[in-house]
Amino acid sequence: MLKKIYKILILPYTLFLLYLMFLGFGRTQFDENVIRIKPFFSTLMFIENTFRLQTIITIVLGNILMFIPFGFLGWVFPKLNHLKILLFNFVSAITIAETLQYFTRMGIFELDDIILNSFGVFLGFLIKKILEKSFDKWVV
């Protein structure tokens with residue numbers, strides 16, 4: 001049952017995330033291309049320069065939590081039931097999305113986003129494995 005629901009919802013969810021990445025949150029095009037490639041540096045600077053804890057939690061945890069559903073992609077594409085293959089494919093795809101943000105200037109290419117998003121996929125993969133072992137009757 002969960003697999004069937006997931007297969008129906010993952011495409012609209014992916015399109016929604018792409019909308020958020022390129023157009024959501026009142027985004028406008030930057031005047032110049034921006035790239036941040038020092039791991040964890042941009043996230044630490046963001047945390048230091050942001051006064052509202054809610055904003056920090058929304059951005060940092062959002063970059064993790066919003067990508068957890070992609071850890072379940074093995075339900076749609078059986079080759080992605082292997083963590084290494086899943087992460088390789090996801091990192092490739094999210095790097096392309098970040099690159100598009102850079103070239104369209106509708107966002108910032110941030111290595112930290114790739115790391116946090118990939119961590120979300122990893123958590124999703126672990127949750128998927130737990131669900132498959134603990135609730136196999138509901139997963140079908």
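None of these values were measured; they are calculated from a predicted model.
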Can you give me every donor-acceptor pair (side chain of residues 60-70, partner residue at least two apart or in another chain, under 3.5 Å) with its distance?
| from | atom 1 | to | atom 2 | distance (Å) |
| --- | --- | --- | --- | --- |
| Asn63 | OD1 | Asn117 | ND2 | 3.3 |
| Asn63 | ND2 | Ile59 | O | 3.2 |
| Asn63 | ND2 | Asp113 | OD1 | 3.3 |

Show me the donor-acceptor pairs, under 3.5 Å and distance only, between side chains in residues 75-88 and residues at least two apart or in other chains.
| from | atom 1 | to | atom 2 | distance (Å) |
| --- | --- | --- | --- | --- |
| Trp75 | NE1 | Glu132 | OE2 | 2.7 |
| Asn81 | OD1 | Lys128 | NZ | 2.8 |
| Asn81 | ND2 | Pro78 | O | 3.4 |

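Taken to the nearest 0.5 Å, the CD1 atom of Ile37 stands 11.0 Å off from the CG atom of Asp112. For the atom pair Leu11 CG and Tyr6 OH, the distance stands at 11.0 Å (nearest 0.5 Å). Considering OG1 of Thr99 and CD1 of Ile94, their distance stands at 10.0 Å, rounded to 0.5 Å.
Remark: Phe122 CZ is loosely packed, at most 12 non-hydrogen atoms of other residues, nucleotides or ligands lying under 6.0 Å away. Sparse packing is recorded around CD of Gln54, with 12 or fewer heavy atoms of other residues, nucleotides or ligands lying under 6.0 Å away.
A heavy-atom distance below 4.5 Å is found between the side chains of Phe30 and Ile108.
When all heavy atoms are compared, the tightest approach of Met21 to Gln101 is O-NE2, 2.6 Å. The two atoms that bring Phe22 and Ala97 nearest to each other are CZ-O, 3.5 Å, heavy atoms only.
Cluster annotation: Ile96 is connected to Met106 through the hydrophobic network of ILVMFWY side chains, with a link wherever side-chain heavy atoms come within less than 4.5 Å. Under the 4.5 Å side-chain contact rule for hydrophobic residues, Ile5 and Ile130 do not share a cluster.
Legend: salt bridge (charged side-chain N to carboxylate O under 4.0 Å, His left out) pairs involving residues 98-110, not counting sequence neighbours, sorted by first then second residue: Arg36-Glu110.
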